[in-house]
Structure formats: C-alpha cells, structure tokens
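Read through the structure below, which is laid out as structure tokens, and then see the notes.
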Amino acid sequence: MAQLPRAARHRTRRLAAILVAIALIGIPWIGSDRVETTTAAVPCFRLVDGRFDAVGPDSTNLNGEWVVVKNACGRTISLGGWRIRDRDGHTYRFPSWLRMANRSAIKVHSGRGSARVGHRFMGRTTPIWNNRSWERAYLVNSAGVRVSTWPRAIVTSVPAPDPAPTPAATPAPTAGPDGGDAWSVPFLSRPTSGAIRRSGNCDGIVIENLTFKDLGPDVEAIHLEGCANVTIRNNDFARVAQAVTVLDSTNVRIEWNRYLDIVGPHARVGKHRANFVQLVRVSRGYIGHNKGRGGDTEDIVSMYESGGTEASPFVIERNHFEGSTWTSTSGSGIALGDGASAWSIARGNTLLNVGQVGMFIAGGTNQRIIDNVIFGEQRTSSNVGLYVWNQSGSPCSGHEVSGNQVSWRRADGASNPAWNAGNCGTVSGWSSNTWNAVLDPASLRVGL
C-alpha cells in the first residue's frame, strides 16, 4: 500500500517567500533593441549592432540591412575565414586576406557595393534577414565555432507577439531553435552575464545564448515580473540560487537551457531560492527540451497558480533532470497544480533522483501527467514517485495520469511509485501506468 507523503507542502508560505525582493547584481545595459552584457571573457571579434528591417521595403533597400562586427581587442587581427550567417543558413564569408585594426568595426550590408574601409557587401539580390523577433545573426570563426550572436540577449520591441504553443503545434524537434544542434555549444562557453531583473516594460523580451554562473549567495539569475510573450532560450546556468523566476506574466517560453547545481538554499528563509524554474501566476506557455543535474533543489520546475486554457494549455515536455545532493523534505522534479490552477500538461519528461517526490498534482483542474519516465533510488527523505493530492482547498478534478513508467524507492527501501489521495475525483488513465517499471538509472543520467 502506498505511503502518505510525510510532510504537507504548505505552499501558501512558499508564495510569500518567492515574492520577497532581492538585490540585482550586474544588470546589463538595455538599449532599444539589445543588451550588451557585462562579461569577463569575450572573443575579440563580436557582433555589436545590426538592422534586419531596412528603411522602406527590404527588397529595394538591401544595403539598409546590415550587421556590425567589431574588433574589441587592442591589436590587429585577421578576420580571414570567419563568416556571418542567419538562422536559415545564408552565409557571408570574409576574404582570407582581411585584417581588422584594433578597436575598428566593419558594417556588413546585405546587397551589392564596392568594399571600402569599414564596409563590406554580401552581394545578395534578395533580403537575407527576416523581421521577426526570433531572427538572429551569428558570427562563426574559421574553425566553425559560433562566437557571437546579435541581438545578443534581449529584444524589448517585437513586431508582433508569437502565438502560444499548443499540444498539436508542439512537434518533437531534434535540433535547437536555430536549426543546429542545441547542445553543440560547450556548456558554460556562451558569453557570461550578470543577473537580469525586469519588472514591467518587458513584453516580447528574449533572453538567450548567455551563461549565468556563480552570481553570489541567494541571487536569482533571471527574475521577470509583469511580462507578456517571454522567451528564455539556449542559456547555461551553473551554481546559481535559482535560474528562472517569472511572476504575473503571460505566454512564457523556456526552452533548450542547461543547468548545473542549483544551490538554493531550499530552506524557508524568507526568500526560498532553489528551483530551476519558478512560475507564479503565469498564464499559458511552454517549458521544453531543458536539461540539468545536481544541486540542493526544491522543485526543479514549480507551477504556482500557473497554467493555461483548454485551447492553449501550458506544456512541459521533453525535459531531462537529474538530482544529486538534495536535502529538502518537500521537493520534487515537476510540480503541477500548486496553489490551484488549470490546464497544464507534463509529458515525455525524464526524471532521475530529483527530490523526495518525482512529480505531482497538488490541486486545480485538468492537469495531465503522461508518458514520463520517473526513477528514484533509495535515499534519505525519499518518498513517492508520483502523487495526486488536493492541497489547495479549491476544487480539484479532471486530471489524467497515464502511460508513465515509474520506479521509486522510499527512504526505508520499500517500493513506493505512486499515491492517489482520492480527493480530486476520478484520475483518468491511472491503470495504464507501469508503476514498478524496470529502468536502468545509468541510462537516465544527464550529460551536459
């Protein structure tokens, strides 16, 4: 018989803790369309400016599209063999003889023209850059390694919000959002950023291709409040108190990020940092294709009063998380329905030793946990692999738990894969799960 979880989660106290303000360390400078990030180590050549949307029709003003490459170092360096490309693979290669003087810059135009000091021309007869929020220019070195991206981190003005994802519109990609391998960039090799905090005036914000590491005790890497159409993508996090916190926002997309050792502290100390992702009152969005391991986490992904709608549910899919040194007696891998919410789906995720609980539904309506792999070894404070239990006091119904493979050992070594408290009505699909699945933990490890 499954054992009742030892400690109630007392989520109301956690909400008050999350909302406590923290001091921001290392805020990047925010311009009209980009952030220049404070960094301790950047390549000499980098993209520092650009215009994807030319004045007037792009097709008749090709040279009004341009990007700028700068030599930020104090010496002349060869740019031979380097290239610029867009997300669709269109490429311009600098000639082998080209050298850039120290602190100089070159503006690279899309169209035709005669090369002169400070200007190069791709020679194209059609536009290369699209004008959407996700467009990027990449600077690739002669060895084929991408070393710089523009816009580098944040876009604060977009032509139109991107639509919220739905299950039918969320395919199973095998590559990153730029069309290449999402993990081909070595972990922690992206430009280093200080903590980023925004409250309001952040609609359409995009934070990508950055490294956040060793920011100091109890410092969140990214903290956003009151934003719409948020994208946090292709970032690396190491030894931060919490990676991503988003409050009171709409349509939040968090994808293709990596983390190592979320350090917390998880203890309820009035700030309560210890998650990879903490959402509070977020409506609609997507958390997918992220991976990470280690640290003293609380919930790796926590959905507090957050979810979607029937037409646009909040999807959490194909994430891969591994725990290591957690000590919390209330932490988990993925937490749905916390504080009551509706229409969230956690599907196709892989969780290894992620907390005292693998995954749960704590209340709300129409939550779905489907086709996940959840494994927990016998550990101190380990409890149950998956549970459904209304802890909110609000209505709790319409949930589905199906197709999951769960193998979980509680602290005394007994098998304890799942528990249904019975206070959320009928949970559909319960009998379709494999509760004592034969799983090899070695095959579930996370590689960064």
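For reference, positions follow the sequence shown, starting with 1.
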Side-chain donor-acceptor contact under 3.5 Å, N404 with N372: yes
Heavy-atom closest pair, residues F360 and A335: CZ-CB, 3.1 Å
Value rounded to 0.5 Å, distance of OG1 in T245 from NE2 in H223: 6.0 Å
Partner residues of T365 under the side chain to side chain donor-acceptor pair (under 3.5 Å) criterion, sequence neighbours left out: none
Donor-acceptor pair between N353 and E377 side chains, under 3.5 angstrom: yes
Geometric class of the Y286/H289 ring pair [parallel <30°, tilted 30-60°, perpendicular >60°]: tilted
Between N229 and D203, a side-chain donor and acceptor under 3.5 Å: no
Summary of disulfide bond (SG atoms under 2.5 Å apart) pairs that have at least one residue in residues 330-374, sequence neighbours excluded: none
Atom of W129, atom of M122 and distance for their closest heavy-atom approach: CZ2-CE, 4.1 Å
Distance-only side-chain donor-acceptor flag, Q278 / S302, under 3.5 Å: yes
For residues 62-71, which side-chain donor-acceptor pairs fall under 3.5 Å, sequence neighbours excluded?
residue: N63; atom: OD1; partner: G111; partner atom: N; Å: 2.9
residue: N63; atom: ND2; partner: R112; partner atom: O; Å: 2.9
residue: E65; atom: OE1; partner: S110; partner atom: OG; Å: 2.9
residue: E65; atom: OE1; partner: I128; partner atom: N; Å: 3.3
residue: N71; atom: OD1; partner: C73; partner atom: N; Å: 3.0
residue: N71; atom: ND2; partner: R75; partner atom: O; Å: 2.8
residue: N71; atom: ND2; partner: M100; partner atom: O; Å: 3.2
residue: N71; atom: ND2; partner: A101; partner atom: O; Å: 3.2

Any donor-acceptor N/O pair, N257 side chain to N235 backbone, under 3.5 Å: yes
With R99 via salt bridge (charged side-chain N to carboxylate O under 4.0 Å, His left out) - residues at least two apart: none
Charged N-O contact under 4.0 Å between K291 and E322: no
Beyond-backbone contact of P265 with D218, side-chain heavy atoms, under 4.5 angstrom: yes
Minimum heavy-atom distance R445-H320, with the two atoms named: O-CE1, 3.3 Å
Partner residues of D371 under the side-chain contact (heavy atoms from CB on, under 4.5 Å) criterion, sequence neighbours left out: none
Those residues that, when tested against P57, pass side-chain contact (heavy atoms from CB on, under 4.5 Å) (two or more places apart): S59, T60
Pair D299, S332: side-chain N/O donor-acceptor within cut-off below 3.5 Å: yes
F375 ring center near W408 ring center (under 6.0 Å): no
Separation between CZ of F321 and OG1 of T350, rounded to the nearest 0.5 Å: 10.0 Å
Side-chain donor or acceptor of S443 paired with backbone N/O of P441 under 3.5 Å: no
Result of checking I205, I254, I207 against I222 for side-chain contact (heavy atoms from CB on, under 4.5 Å): I207
Set of side chain to side chain donor-acceptor pair (under 3.5 Å) partners for Q405, sequence neighbours left out: none
Aromatic ring pairing F276/F237, orientation class (parallel under 30°, perpendicular over 60°, tilted between): perpendicular
Main-chain N/O of L188 paired to D236 side chain as donor or acceptor, under 3.5 Å: yes
4.5 Å side-chain heavy-atom contact, V277 and I287: yes
Side-chain touch I334/I316, heavy atoms, less than 4.5 angstrom: yes
Nearest-0.5 Å distance, CZ of residue R284 to OG1 of residue T309: 6.5 Å
Short side-chain to backbone donor-acceptor contact, N433 and V406, under 3.5 Å: no
Axial cation check for F187 ring with R258, 6.0 Å and 45° limits: no
Reported CD-to-CD distance for the pair Q242 and E298, which is rounded to 0.5 angstrom: 10.0 Å
Side-chain touch I369/Q367, heavy atoms, less than 4.5 angstrom: no
Expected output: side-chain D338 to main-chain A362 donor-acceptor under 3.5 Å: no
Closest contact, heavy atoms only, D86 versus G89: OD1-N, 2.9 Å
For D214, side-chain contact (heavy atoms from CB on, under 4.5 Å) partners two or more places apart: R239
Any side-chain heavy-atom pair of F45 and V147 under 4.5 Å: no
Check: R379 side chain, S324 main-chain N or O, donor-acceptor pair, under 3.5 Å: yes
Considering all heavy atoms, the nearest G339-S392 contact: C-CB, 4.2 Å
All side-chain contact (heavy atoms from CB on, under 4.5 Å) counterparts of V55, not counting sequence neighbours: R51, N61
Summary of disulfide bond (SG atoms under 2.5 Å apart) pairs that have at least one residue in residues 76-126, sequence neighbours excluded: none
Atom pair CD1/CD1 of I262 and I300 - distance to nearest 0.5 Å: 8.5 Å
Flag side-chain contact, heavy atom, 4.5 Å: R347 against I370: yes
Under 3.5 Å side-chain donor-acceptor pair for S328 and Q356: no
N/O donor-acceptor pair under 3.5 Å between S306 side chain and M303 backbone: no
Any V108 side-chain heavy atom under 4.5 Å of Y92 side chain: yes
Reported CD1-to-OG1 distance for the pair I84 and T91, which is rounded to 0.5 angstrom: 10.0 Å
Any donor-acceptor pair under 3.5 Å from N275 side chain to V301 backbone: no
H399 side-chain N/O to G364 backbone N/O, donor-acceptor pair under 3.5 Å: yes
Nearest heavy-atom neighbours spanning V140 and G144: CG1-C, 3.4 Å
E305 and S341: side chain donor to acceptor below 3.5 Å: no
Proximity of F52 and W150 rings by center, below 6.0 Å: yes
With R293 via side chain to side chain donor-acceptor pair (under 3.5 Å) - residues at least two apart: none
Check: L98 and I106 side chains under 4.5 Å, non-hydrogen atoms: yes
By side chain to side chain donor-acceptor pair (under 3.5 Å) - contacts of S402 (at least two apart): E400
Any donor-acceptor pair under 3.5 Å from S432 side chain to G403 backbone: yes
N234 and E208: side chain donor to acceptor below 3.5 Å: no
